[in-house]
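Structure first, then comments.
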Amino acid sequence: MKKLLAMGLSVLMVAALLCGCTGKKEGGRVFKQGFDLDYPPYSYIDDNGEVGGFDVELCKALCEYKGWTYEAVPFNWDAKDAELNAGNCDCIWSGFTKNGREDEYAWSICYSDNTQMIMVPDDSDIKSLADLAGKRVGVQTATSAYDLLQDKEEGQGELRETFEKLEVYDTYTIAFNDLQAGGIDAIAIDVTSGNFLMSGTEGYHFLDEALGSEQYGIGFRKDDTELRDEVNEALQALVDNGTYDEIGKKYPEIYEFLCLKPSSEE
Amino acid sequence: MAEQNLENQENLGKEVLRMTNIHKCFDTLVVLQDINLTVHHGEVVSIIGPSGSGKSTLLRCATFLERIDGGEIEYLSKTAAKTENNGKVSYANKQEMKEIKKYFGLVFQQFNLFPHQSVLQNVMGAPVHVLKRDKKEVEEEARILLQKMGLADKADAYPCNLSGGQQQRVAIARALAMKPEVLFFDEPTSALDPELTIEVLKIIRQLAEEKMTMVIVTHEMSFARAVSNRVIFMDGGVIVEEGDPEDVFGDPQQERTKQFLKSYKD
Amino acid sequence: MTFATMLQTMGSGMLKTILLFVLTLLGSIPLGMIVVFLKKSKFKPIAWLTDIYIAIMRGTPLMLQLLVWYFGPYYIFGWSIRGYKFPALLIGFIMNYAAYFAEIYRSGIDSMPVGQYEAAEILGYGKIQTFFRIILPQVIKRILPSVTNEVITLVKDTSLASALAYAEVFSLAKQISASQTSFLPFIVAGVFYFVANYVVAWIMKGIEKSMQYYK
C-alpha cells in the first residue's frame with residue numbers, strides 16, 4: 001500500500017513538485033504555514049476576509065522572532081498530505097491532532113490539549129455515551145473525532161457500532177445545522193470547535209463524559225527534523241517571553257487548553 | 001386509385017373548393033386582396049405570378065397553414081372559415097376542421113418528408129395513425145402508390161438516401177395515400193435540378209390524366225400551359241387574369257400579364 | 001487498512017453513487033420534458049414561473065440547492081426533517097438536472113424546421129401525435145450529444161451529495177484518505193468515475209449509432 005501510495009503521489013504530484021520550490025532566502029527563510037481555512041478558532045478567514053486564528057497568529061509571531069518571512073498556505077484539509085509532500089508548505093499547523101498519527105510526521109512539541117466531546121441539545125434524553133445507542137450522530141470528515149469513532153482498538157469504534165447511523169459531514173457547520181433542525185441527535189466534536197459553534201447559540205451542551213482526548217502539534221515532513229527542532233526552540237522561546245500566553249488570551253474558548261509552560265516553571 | 005377515379009368521374013364538375021373575397025395581411029402589408037377561387041372536381045388549376053405576388057400565401061390560406069383576415073372558405077359546401085358580422089373571421093370547430101382537412105393534401109416546395117421514417121413509413125403514417133385504418137390494407141395501397149411513382153424499390157430507403165426528385169415523388173405518394181379530394185402543390189419543382197424536375201412533372205401530368213383535382217403554384221410555364229384546365233395569374237395580392245391556358249398564355253389581356261410572360265420568354 | 005478492505009468500504013460508496021445517479025436520471029429526464037411543456041405554455045404566468053425556476057436552478061450552485069431542499073422545510077415551516085436526507089438529495093438533483101435537460105430539449109425542439117410541423121398538420125396529425133411521432137424522435141437524435149455531456153457531468157456531480165453527509169464514493173475517499181493519510185482512495189475514486197463515465201459514453205454512443213440510419 002505504501003508503494004502504491006508513493007507511486008500514485010509521484011504521478012499526481014509531478015507538476016506540483018516541479019514548481020513547489022522550497023524558497024530559501026538569504027538571511028531569513030520563507031516559512032510556509034499550511035493550514036485549513038475553515039478550522040476556527042485555530043485557523044479561519046475572519047470578518048475582514050483576512051486569515052486569522054490562534055495558529056496563524058502564533059506562527060506569524062514565530063516567524064517574526066526568527067526573522068523569517070511568513071507565508072500563508074491555506075488548503076483544503078483533504079489535500080494536506082499532498083501539499084506537504086509536494087513541498088508547497090513546510091508544515092501542517094492547524095489544530096492538527098498528533099494522536100494516531102505519531103509515526104507519519106515529524107512532530108513538534110504539542111502546544112494545545114483538546115478533548116473529543118459529544119454535543120447535544122439541552123432537551124435531549126442523551127445523558128451519557130451509552131445513551132447514544134440507536135441515535136444518529138454527526139461528525140466532520142477528516143477530523144480526529146471522526147478517526148476516534150473509526151478506531152476499534154484504541155478509540156471509540158465500538159461505541160460507534162451502537163449508533164443508528166454515523167453521518168459524516170464536510171463541515172461541522174452543516175452538522176450543527178442538522179442538529180438544530182433535528183436531522184441528527186448529537187455531534188461528536190473536539191471541545192474547541194464545539195465551543196466555537198455553541199458560542200452564538202443557546203440550548204446546547206457537552207455531555208460530561210468525554211469521548212477521548214488528544215493533543216495538537218505541528219506536523220513536518222518526516223525527514224525535516226532540522227526545521228522541526230528549530231521551530232520547537234522558537235516555540236519555547238515564545239512561551240518564555242509571554243507571546244504564547246498573550247495570543248492565547250485572545251481566544252478564550254481554547255485558552256484553558258494551551259499546555260506549554262515557560263521553562264522556568266518546569 | 002381506380003375506385004377513386006370512378007368516384008371522380010361521377011363528381012366531375014362538382015365544386016370542391018370555394019374561396020370567396022379572401023383577405024390576408026401580415027401586420028400592415030396586404031398580401032391577398034379580394035381573392036375569389038373556385039375549383040371543381042377533375043380540374044387542374046395553375047397559379048402563376050412573380051415572387052411575392054401572394055400565390056403561395058393563397059395556398060397556405062386554403063390549407064389553413066395561415067389564417068385569413070377576411071372572406072370565406074368552403075370545401076365540398078362545408079364552411080371552414082367565414083367572416084362574421086363583426087368583421088372577424090371564425091373557423092369551424094375542431095371536429096369539423098378535422099373532417100375538412102381530410103379533403104385536401106399539400107405537396108411542399110421543400111418536400112418536408114419525415115427524415116426518421118422510411119419511405120414506406122412516410123406514406124403509411126397518416127392513414128394508419130390519423131385515419132386509424134388497417135395497417136395491412138394501407139401497406140398494400142402504399143406499395144401500389146410507390147410503384148406508380150416509380151419508387152417500388154425504394155420503400156425501405158430513408159429520405160436522406162433519395163434524390164430531390166425521388167423525395168418529391170415520395171411526398172406526392174404520401175399526400176395521395178390520404179385520398180384527398182384536391183391536391184395542392186406549392187412550387188413542387190423549385191428546389192429541384194432541371195433533370196429531376198422532369199420526373200416530378202411527369203407524375204403530376206399522369207395524375208392530371210387520371211382526373212385528379214389539383215391546384216399548382218408553379219414557375220414552369222410550358223408545363224402549366226400543357227397540363228392545366230385553367231390558369232390564374234396573380235400579382236400584388238390580386239388575381240390579375242384568369243382563364244383557359246391557351247388564352248392566358250397565347251393572348252393575355254392584361255398589361256401586367258404580358259410583361260410577366262415576356263420576362264419568362266427572355 | 002488493507003487495499004481489499006478499502007475497496008470493500010469504497011464499494012458501498014460506489015453503489016450509493018450509482019443509486020443516486022440512476023434515480024436522478026430516471027426522475028429528471030421525464031421531468032425536463034414536463035418543464036419544457038410548462039415553459040412553452042400559452043398561459044404566460046406559468047411560462048414565467050418556469051423561466052424563473054430554470055434561472056434559479058442554473059444560476060445557483062447545486063450544493064446550495066441541496067442544503068435549501070434539506071433544511072428548507074425545517075427553517076421555513078418548522079417541519080421535522082428526520083430521515084429526509086435522501087429524499088432531499090433526490091429532489092435537489094432531479095430538480096436541478098430537469099432544468100438543464102429542459103433547456104437541452106428546448107434547444108432541440110426549437111431547432112426543428114417548421115416544415116415538419118406543417119407537413120404533419122396537413123396530414124391530419126394532432127398536436128400530441130405530431131410531437132411524439134414526428135418531432136420527438138428527431139429531437140432526441142439532435143440533442144443526444146448535449147445529453148451525453150450532461151449525464152457525464154451528473155456522474156461527477158454526485159460527489160456534491162457529501163454536503164448532506166451522503167456516503168457516496170468521493171466522501172468515502174476523503175474520509176479514508178484522511179484517516180489513513182493516504183492518497184490511494186482518491187486514485188480509486190478517480191478510476192471509478194473514469195470507468196463509470198466510460199460506460200456512460202459507451203452506452204450513449206450506442207444509442208447515437210442506432211439513430212445514424214438517417215441524417
Side-chain angles (χ1 to χ4, degrees), chain B residues 56 59-60 62-66 94-95 97-119 121-133 156-162 167 170-171 173-180 182-186 191, chain C residues 29-30 32-33 36-37 40-44 101 104-148 203-215:
Chain B
S56 279
L59 272 204
R60 293 175 62 82
T63 52
F64 313 125
L65 291 177
E66 299 282 354
K94 221 173 153 185
Q95 203 50 45
M97 285 304 273
K98 210 174 155 187
E99 284 305 306
I100 290 171
K101 278 181 177 178
K102 288 179 187 164
Y103 294 145
F104 61 81
L106 172 61
V107 174
F108 298 85
Q109 182 180 347
Q110 298 295 342
F111 330 136
N112 292 343
L113 292 178
F114 304 132
H116 60 299
Q117 298 180 344
S118 71
V119 165
Q121 287 169 329
N122 262 280
V123 177
M124 288 174 60
V128 171
H129 300 304
V130 177
L131 303 179
K132 313 280 180 210
R133 291 182 47 203
D156 297 319
Y158 284 86
C160 60
N161 298 322
L162 301 181
Q167 289 191 47
V170 174
R174 180 175 71 173
L176 288 173
M178 292 295 280
K179 300 183 182 170
V182 51
L183 190 51
F184 296 100
F185 292 82
D186 187 4
Chain C
I29 284 182
M33 195 56 77
V36 174
F37 289 138
K40 289 190 172 286
S41 162
K42 289 204 175 92
F43 184 58
K44 283 295 161 209
F101 281 127
I104 292 175
Y105 298 158
R106 187 196 53 76
S107 72
I109 292 170
D110 287 354
S111 78
M112 286 297 296
V114 68
Q116 293 290 304
Y117 291 95
E118 291 186 345
E121 191 184 331
I122 293 287
L123 288 168
Y125 285 97
K127 276 214 163 98
I128 294 168
Q129 274 186 325
T130 303
F131 184 77
F132 285 103
R133 291 195 185 278
I134 310 298
I135 304 301
L136 188 60
Q138 298 183 57
V139 166
I140 290 173
K141 182 183 165 85
R142 281 169 193 240
I143 62 173
L144 224 53
S146 320
V147 170
T148 305
I203 292 172
M204 295 305 278
K205 209 170 176 180
I207 300 175
E208 266 180 63
K209 256 194 186 148
S210 75
M211 292 188 175
Q212 260 166 13
Y213 63 88
Y214 74 92
K215 283 191 195 92

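Chain naming here is simple, since letters A, B, ... match the order of the sequence lines and numbering starts at 1 in each.
Residue B:Leu131: no heavy atom, backbone or side chain, is found under 4.5 Å from chain C. For B:Phe64, the part lying under 4.5 angstrom from a heavy atom of chain C is the backbone only.
Between chain C and the options B:Cys160, B:Pro115, B:Ala126, the largest number of non-hydrogen pairs under 4.5 Å is found for B:Pro115.
Shown here are the side chain to side chain contact (heavy atoms under 4.5 Å, CB included) partners of B:Val128, two or more places apart in sequence or in another chain: B:Met124, B:Lys135, B:Val138. For B:Phe108, there are no ring pair (Phe, Tyr, Trp, His ring centres under 6.0 Å) partners, not counting sequence neighbours. Contacts of C:Lys205 classified as side chain to side chain contact (heavy atoms under 4.5 Å, CB included), with partners at least two apart in sequence or in another chain: none.
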Tell me which donor-acceptor pairs, judged by distance alone and kept under 3.5 Å, run between chain C and chain B, one pair per line.
residue  : atom : partner  : partner atom : Å
C:Gly115 : O    : B:Asn112 : ND2          : 3.3
C:Gln116 : NE2  : B:Leu113 : O            : 2.8
C:Glu118 : OE1  : B:Arg60  : NH1          : 3.1
C:Glu118 : OE2  : B:Arg60  : NH1          : 3.3
C:Glu118 : OE2  : B:Arg60  : NH2          : 2.5
C:Tyr125 : OH   : B:Ala126 : N            : 3.2
C:Gln129 : NE2  : B:His129 : O            : 2.8
C:Arg133 : O    : B:His116 : NE2          : 2.8
C:Arg133 : NH1  : B:His129 : NE2          : 3.3
C:Arg133 : NH2  : B:His129 : ND1          : 3.3
C:Gln138 : NE2  : B:His116 : ND1          : 3.4
C:Tyr213 : OH   : B:His116 : O            : 3.0

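Residues B:Leu65 and C:Ile122 have side chains in contact (heavy-atom distance under 4.5 Å, counting atoms from C-beta outward).
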